[in-house]
Amino acid sequence: MKTSRVLWSVLSVLLLGSMLMAACAPAAAPTAAPADTAAPAATSAPAATVAPAATTAPAATTAAKPAATGSFLDRAMAGEFKGTTVTATGPFVDQDAQKFAATMADFQAKTGITIQYQGSKEFEASIKAAMDAGNAPDVIDFPQPGLLASFAKQGKITDLSKQLDVAAVKANYNPYWIDQSMMPGKDGTPIMAGIWERVNGKGFVYYPKKAFDAAGYKVPTTFAELTTLEDQMVKDGSTPWCIGIESGAATGWVATDWIENIMLRTTTPENYDAWVAGKLPFSSPEVTNAAKIMASIWQNPKYVYGGTATIVKTSFGDSTLPMFDAKGPKCFMNMNGNFITSFFPATAKAGVDYGAFYFPPIDPKYGSPMEVAGDIWGATNTKPEVMAVMQYFTKAEHLKVWMQQGGAIAPQKDADLSWYGSDIDRVVGGAIVNAGTLRFDGSDAMPGAVGAGTFWKEMTSFVSGAEDLPTALKNIDASWPK
Amino acid sequence: MSMNTPESSRKSLISSPVVRAVAALVPLAISLVILTWGFFFVRDLQLVKNTIPQLFIVVIAIIWGVGGVVLLFTTANFFVEQLPELWVHRLQPFIFIGPAILMLTWALVIPTIRTIISAFFDEASVGFVGMKNFVYVFTNPAMLTVFRNNLLWVIFGTTFTVSAGLIVAVLADRSRFEVAAKAMIFMPMAISFVGAGVIWNFVYAAKPVDAPQIGLLNSIVVGFGGQPQAWTAFFQPWNNFFLIVIVIWLQAGYSMVLFSAAIKGIPAEIMEAARVDGATELQVFFQIMIPQIMGTIIAVSTTVVIFTLKIFDVVWVMTGGQYDTSVISTEFYRQYFTYNNNGIGSAIAVVLFIAVIPVMVYNLRQFAQREVF
């Protein structure tokens, strides 16, 4: 009896305590669903009740285009969403996450919106888990549009064309970028699923400028000149190419970039599109030819430093280091996206220690269309502060700090080339904004099972000598999801 | 205690078992309400965390979590104790293991069932596709390579881990340097699989022949005038063995320790008797020692079989499953998370699950029967 009496008194104290806690609990919180769109400002967070705009906001957000009170960005800049938080996630961490924070600092200071970014190296897995669980962050950076497309199809991504001023967005981008952001929604009709925030150009050949110039080499402008240059380097006792394809679980993507770049220079953009869409098989003469041209360089032990053993075992970043060897370059050229400069020695200066040229046209008929890749941001709700962030991404101004620090290329037309911190970035940025024909990185746009799967896998098998080319290409075709 | 009449009449009412049991339900219900409400309270605190200090949320969560568990246990136990004797005996065990069972159900059983269900659905878990995913798993050439690799892992990984451990245990037993030798073999056990992958990536590193070889294996090869090789990429399917070696290196210590203990447990008289009878050392080993420690050998073998079946980290770190080194776990991860194919990913997971079950059951039986630990 005694113990039970003690228990009863403990319980009554607890009951009283819980009543007290209930009384001071944030009353609005239990009903707040992150994706609640009916009356965003009133229920989204208790903070909204202290915001002066709480009464005007719902009216504005229900309108298709917030013309009456100005765009989301204008309203954010006027301080309307002060105190709100926008959560963000993406694949970039460490240095790039710091650059992102730096580039968004101005926005946060002006609008009072807090941006909470949490990056993950296992981004694909973590975002899928978060999406399935229904607690994905407000805005998400996708390095591969295919993943965004799969979430758009499940109806989990906001159609930005219903929220933002589409005409203004279109005016600021090459139409190809807009096309690439339209993805089928849940009912199959295309929605504008994301905003291209920053991009990178591929097919740039980096070379150690000092030694290159000292040896009397000239930047090749045709494929024939490139071959002459390669042979000249071999004759001089050096090696033309530095190549490495090791990249952990993503090993092999460097080979896919090579094939895509060669494809763009040896066939029509329409054929390239058909190939990416799965209509032109890998075993077709066009793709086979591109792979053969790549192999003619890669499998020539005189052309590649260390031969195929080094190719398969060297990480793509480390593969550039022999260009900067203290005793002079061991090899002279590395083809990659402009992000590769992050892997160069910290002391290497753009324009002095290294230069870059665009991989020359192979067949003059097709020129050299630009292969691009990039980061597209999707939103998971229509909260006004989230839309303000998305709208901010459509302006090159938001990237200014990052462009200055290097490593980001702006796809937006209002980007000022003088904002770039390095001459090489300026060349890449100008090339992307002014390019006539752009084509997205094919493997990133293919279904994951091919673009992040068999295309890598079969190319590594081919490069390591385990399979011949026709077998490898046939295996990729067989793996295309039906 | 001295009591007057009204109190004792109240007491008689309370001592009626039904009333007491029903009354005892009240605190249980209240604590359940507090727990549930606390969950939403903490969750919603998180939603508005930019206005509330993180530390405050953490403190609340700890009070709710630890206090809630204590409260729930106390009230539930109190409730059960009010019941008739027979029911106390029937229900009390569940008060103790109930929470554990609930947690296991929630975190293990339900996900397992969901995985099995989604194995029969398409990549977005929307349309029912029947056995299609399993047909793919067992007919796709890439999947067949995966099974072949797993078979290599199970057969060679287990055989070498067990025999290496056994040999070291037997030899160390007669050595003057037993402790030092065993410590050397056991040390890699302290290294995580990912860490071991990184270390062995350096062992296998290949540099161009004119550059300094930072990889141990290639510097030996080049030292003898050979060409540097990419061990984990070339020589398919033998490159798998360069990965299997890592796990043998890691796990031989584990089997050695168990065997060593088992060998020391063999009665000295039996060995003595065999030697007196003129048995050679090999005969003693095969006909006395092995049968005596058979239980340990089976237990160790099944344990190693299970983790080689599930092997993931080493492959993921070393090759990412490229160069035909993919195994069931890496392929499952790739299908589910990289290719976004819930159906095939789940089907592979189910196959792995089914493959592990018999070994697991056998293993548990052995542990129960022979009490090897």
Side-chain angles (χ1 to χ4, degrees), chain A residues 1 4 7-8 10-11 14-15 18 21-22 25-26 29-30 32 34 45-47 83-85 114 116 122 124-125 128 146-147 150 153-154 247-252 305-314 322 330 447-449 452-454 456-457 460-461 463-466 475 478-479 481, chain B residues 1 11 14 24 26-27 30-31 33-34 37-38 40-41 43-45 47-52 67 71 74-75 78 123-124 140-142 204-211 215 227-234 236 316-317 319-324 326 330 333-341:
Chain A
M1 280 314 282
S4 68
L7 191 70
W8 282 113
V10 166
L11 272 175
L14 271 169
L15 191 63
S18 64
M21 276 171 89
T84 54
T85 299
T114 309
Q116 270 182 2
E122 288 281 320
E124 284 82 2
K128 184 171 155 60
L147 193 56
S150 70
K153 210 171 169 185
Q154 295 166 23
S247 180
T251 297
Y305 182 57
T308 46
T310 304
I311 294 181
V312 296
K313 211 53 204 156
T314 310
K330 298 265 171 97
T454 48
W456 293 346
K457 187 175 165 322
T460 58
S461 291
V463 174
S464 66
N475 285 347
S479 74
Chain B
M1 243 195 251
K11 195 192 163 206
I14 291 176
V26 176
I30 291 174
S31 59
V33 168
I34 292 178
W37 168 82
F40 290 108
F41 182 75
R43 187 196 69 178
D44 297 330
L45 271 185
L47 285 182
V48 293
K49 68 178 156 199
N50 54 326
T51 54
I52 297 171
L71 189 66
T74 320
T75 50
F78 174 66
E123 71 250 30
N140 182 279
Y204 294 148
K207 293 277 161 192
V209 72
D210 61 336
Q227 284 291 317
Q229 303 291 344
W231 304 104
T232 53
F234 292 174
Q236 296 170 19
W316 197 249
V317 173
T319 63
Q322 300 288 33
Y323 310 112
D324 275 0
S326 192
T330 58
Y333 186 89
R334 245 178 216 288
Q335 288 283 357
Y336 199 92
F337 291 109
T338 315
Y339 308 164
N340 240 327
N341 194 328

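Side chains are part of it too, since the values below use all heavy atoms of this structure and drop only hydrogens, waters and symmetry mates. Below, chains carry the letters A, B, ... as their sequence lines are ordered, and counting in each starts from 1.
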* For A:G448 and B:Y339, which heavy atoms make the closest approach, and how far apart are they? -> O-CD2, 3.3 Å
* **cation_pi(A:K128, B:Y336) dist<6.0 Å, angle<=45** => yes
* Check A:S150 against B:N340 and note the closest heavy-atom contact, atom names and distance. => OG-ND2, 3.1 Å
* **Interface moiety of A:S479 toward chain B, non-hydrogen atoms closer than 4.5 Å** => neither
* **Heavy-atom pair with the smallest gap, counting every atom of A:S464 and B:F234** => O-CD2, 3.5 Å
* Asked: Looking at B:T319, B:T330, B:D210, which has the largest count of heavy-atom pairs under 4.5 Å with chain A?
  -> B:D210
* Which pair of heavy atoms, one from A:Y305 and one from B:A211, lies closest together, and at what distance? -> OH-CB, 3.6 Å
* Asked: In Å, rounded to the nearest 0.5 Å, how long is the span from CZ of B:F337 to CG of A:L147?
  -> 12.0 Å
* A:K330, part contacting chain B, at a heavy-atom distance under 4.5 Å -> side chain
* Any chance you could measure A:T460, atom OG1, to B:D324, atom CG, to the nearest 0.5 Å? => 8.0 Å
* Asked: Between B:Y204 and A:K313, is there a donor-acceptor pair closer than 3.5 Å when you use the side chain of the first and the backbone of the second?
  -> no
* Asked: Taking all non-hydrogen atoms of both residues, which atom of B:P228 and which atom of A:A309 are closest, and how far apart?
  -> O-CB, 3.8 Å
* Backbone N or O of A:T251 within a donor-acceptor pair of the B:Q322 side chain at under 3.5 Å? -> yes
* Structure fact -> Looking only at A:A250, A:G465, A:G453, most heavy-atom pairs under 4.5 Å shared with chain B are made by A:G453
